[in-house]
Amino acid sequence: MSATPSMGLRPALPPDIAALKGQRPIVMLTAYTAPMARLVDAHCDVALVGDSLGMVLHGLPSTLGVTMEMMILHGRAVMRGLTRAMCVIDMPFGSYEESPEQAFRNAARLVAETGAPAVKLEGGAHMAETIAFLTARGIPVMAHVGLTPQAVNTLGGYKVVGREAEAARVMEDARAVEAAGAFAVVIEKVPMGLAARITQGLAIPTIGIGAGPDCDGQVLVVDDMLGLFTDFRPKFVKRYADLGQGAAAAIADYADDVRARRFPTREHGFADVVKPK
Ligand code: KIV
């Protein structure tokens with residue numbers, strides 16, 4: 001039985017998720033398709049249509065090439081699979097950084113065209129004005145600090161963020177997004193002690209990825225935890241299955257069967273209909 005806050009009466013909304021702080025851990029996974037959303041919906045509080053879909057589904061080298069159209073297409077698919085979990089949809093690179101007005105236009109489009117009740121955007125203190133602008137106009141925002149993958153080129157890679165002197169800046173970012181009205185904040189790839197201090201210091205829930213066990217909730221890219229990639233094993237991901245290996249073996253068996261004419265057999269075919277004269 002799922003412990004999603006709506007208890008099955010309606011999909012959860014940002015206040016339901018925010019209210020879980022201090023009650024129990026918040027469970028979040030990415031989902032990009034309707035069938036995966038249905039699986040996530042049965043067990044998780046939040047389904048994130050992450051812009052990681054650019055790399056995971058579309059084979060892009062980073063999330064920078066993800067477009068509004070891609071997010072809307074996958075957002076709609078995910079919403080069709082949810083009955084109780086809350087959907088959060090990522091704002092893609094270039095859709096919100098220019099001004100609060102640009103962010104509102106695109107966030108409103110994501111919400112209106114997908115039905116998702118909340119958006120997520122990357123950035124701390126420098127995005128505070130935008131977060132306040134959106135929340136004041138009816139768009140709940142989940143913030144994202146620490147490693148922000150859309151800044152991969154300025155950060156110089158997907159490294160841990162917030163060691164030594166950098167820790168104070170990450171703490172300030174988290175405080176700034178809370179003060180701006182974010183209902184929750186993702187903390188990605190920061191040292192565990194820092195994540196714990198941020199979690200203790202904020203009234204909104206922190207959702208960690210590569211941020212240790214002391215956050216208010218956890219998120220992973222669902223394809224990573226299912227082991228759908230055979231060659232990608234980041235330290236912060238626990239693999240709960242090895243579906244990539246299973247899929248590779250199944251595809252190899254199918255190819256062998258077709259080449260050896262073992263598939264299809266008569267049992268997979270349809271009988272000819274003989275019309276009565
Ligand atoms: O895009 C994404 O999947 C994310 C999570 C990794 C938090 O932002």
Side-chain angles (χ1 to χ4, degrees), residues 17-18 20-30 44-46 48 50-52 55-56 61-64 88 90-91 93 97 120-128 130-131 141-227 229 231-240:
I17 300 302
L20 291 176
K21 182 160 178 123
Q23 302 300 310
R24 64 161 176 82
I26 297 165
V27 186
M28 173 159 135
L29 277 177
T30 62
C44 299
D45 302 306
V46 185
L48 171 67
D51 63 349
S52 50
M55 299 167 84
V56 173
S62 73
T63 56
L64 300 180
V88 176
D90 259 344
M91 298 201 70
F93 177 66
E97 301 89 334
K120 177 165 83 57
L121 57 82
E122 296 183 8
H126 68 284
M127 291 311 302
T130 294
I131 293 170
V141 177
M142 179 179 281
H144 185 153
V145 302
L147 170 63
T148 47
Q150 292 174 10
V152 60
N153 291 332
T154 40
L155 293 172
Y158 299 103
K159 295 180 278 202
V160 175
V161 171
R163 286 199 167 119
E164 299 168 1
E166 228 179 16
R169 188 187 51 73
V170 179
M171 177 66 90
E172 267 169 38
D173 281 342
R175 288 201 183 111
V177 298
E178 173 176 63
F183 71 91
V185 56
V186 167
I187 309 181
E188 181 163 355
K189 226 168 168 186
V190 305
M192 293 183 267
L194 174 60
R197 289 198 297 284
I198 293 173
T199 300
Q200 280 159 18
L202 297 190
I204 59 170
T206 59
I207 309 210
I209 173 164
D214 297 318
C215 295
D216 296 304
Q218 295 293 330
V219 59
L220 285 176
V221 170
V222 71
D223 299 57
D224 292 347
M225 56 81 76
L226 292 177
F229 301 111
D231 54 348
F232 183 63
R233 282 183 173 267
K235 176 177 160 66
F236 59 87
V237 174
K238 177 173 172 185
R239 275 201 178 184
Y240 288 84

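Owing to the predicted nature of the structure, the values given are computational and were not obtained by experimental measurement. All heavy atoms count here, side chains included; hydrogens, waters and symmetry mates do not.
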Query raised in the report: In Å and rounded to the nearest 0.5 Å, what is the CZ to OG1 distance from Arg197 to Thr199?
Result: 10.5 Å

Query raised in the report: Roughly how far, to the nearest 0.5 Å, is CZ of Phe93 from OG1 of Thr63?
Result: 8.5 Å

Report task. Go through the structure and list residues passing side-chain contact (heavy atoms from CB on, under 4.5 Å) with Val27, not counting sequence neighbours. Result -> Cys44, Asp45

Query raised in the report: Quick one: NZ on Lys120 to CE on Met142, what's the gap to the nearest 0.5 Å?
Result: 8.0 Å

Requested in this report: Give the minimum heavy-atom separation between Ala174 and Ile198, together with the two atoms involved.
Outcome: CB-CG2, 3.5 Å

Query raised in the report: Among Val161, Val160, Leu147, which residue meets the side chain to side chain contact (heavy atoms under 4.5 Å, CB included) test with Glu188?
Result: Leu147

Query raised in the report: Can any side-chain N or O of Asp214 pair as donor or acceptor with the backbone N or O of Ala196 at less than 3.5 Å?
Result: no

Requested in this report: Identify the two heavy atoms, one from Ala211 and one from Ala195, that lie closest to each other, and give their separation to 0.1 Å.
Outcome: O-CB, 3.2 Å

Requested in this report: Please list, chain by chain and in numerical order, all residues satisfying salt bridge (charged side-chain N to carboxylate O under 4.0 Å, His left out) with Lys21, sequence neighbours excluded.
Outcome: Asp216

Query raised in the report: Are any side-chain N or O atoms of Glu178 and backbone N or O atoms of Ala203, one a donor and one an acceptor, separated by less than 3.5 Å?
Result: yes

Query raised in the report: Of the non-hydrogen atoms in Thr148 and Val145, which two are nearest, and what is the gap between them?
Result: CG2-CA, 4.2 Å

Query raised in the report: Can you find a pair of side-chain heavy atoms, one from Leu64 and one from Asn153, that are under 4.5 Å apart?
Result: yes

Query raised in the report: How close do Phe229 and Val56 get, heavy atom to heavy atom, and via which atoms?
Result: CZ-CG1, 3.8 Å

Requested in this report: Could you pull out the closest heavy-atom pair between Leu220 and Ile209, with the gap in Å?
Outcome: CA-CD1, 4.2 Å

Query raised in the report: Hey, does the side chain of Gln218 reach the backbone of Gly210 with a donor-acceptor pair shorter than 3.5 angstrom?
Result: no

**Report entry** Contacts of type salt bridge (charged side-chain N to carboxylate O under 4.0 Å, His left out), residue Glu166, not counting sequence neighbours
**Finding:** Arg169

Report task. Decide side-chain contact (heavy atoms from CB on, under 4.5 Å) for Glu122 and Asp51; before the verdict, give the C-alpha distance in whole Å, the side-chain angles of both, and the deciding distance to 0.1 Å. Result -> CA-CA 11 Å; Glu122 296 183 8; Asp51 63 349; 4.2 Å; yes

**Report entry** Point-to-point distance, once rounded to the nearest 0.5 Å, from OG1 of Thr206 to CD1 of Ile26
**Finding:** 8.0 Å

Query raised in the report: For Met28 and Val186, what are the C-alpha separation, side-chain angles and deciding distance, and is it a side-chain contact (heavy atoms from CB on, under 4.5 Å)?
Result: CA-CA 10 Å; Met28 173 159 135; Val186 167; 4.0 Å; yes

Report summary line: When rounded to the nearest 0.5 Å, the distance separating CD of Glu97 from CD of Gln150 is 6.0 Å

Query raised in the report: So, for Tyr158 and Ser62, which heavy atoms are closest and what is the spacing to 0.1 Å?
Result: OH-CB, 3.6 Å

Query raised in the report: Sub-3.5 Å donor-acceptor pair from the side chain of Thr30 to the main-chain atoms of Val222, do we have one?
Result: yes

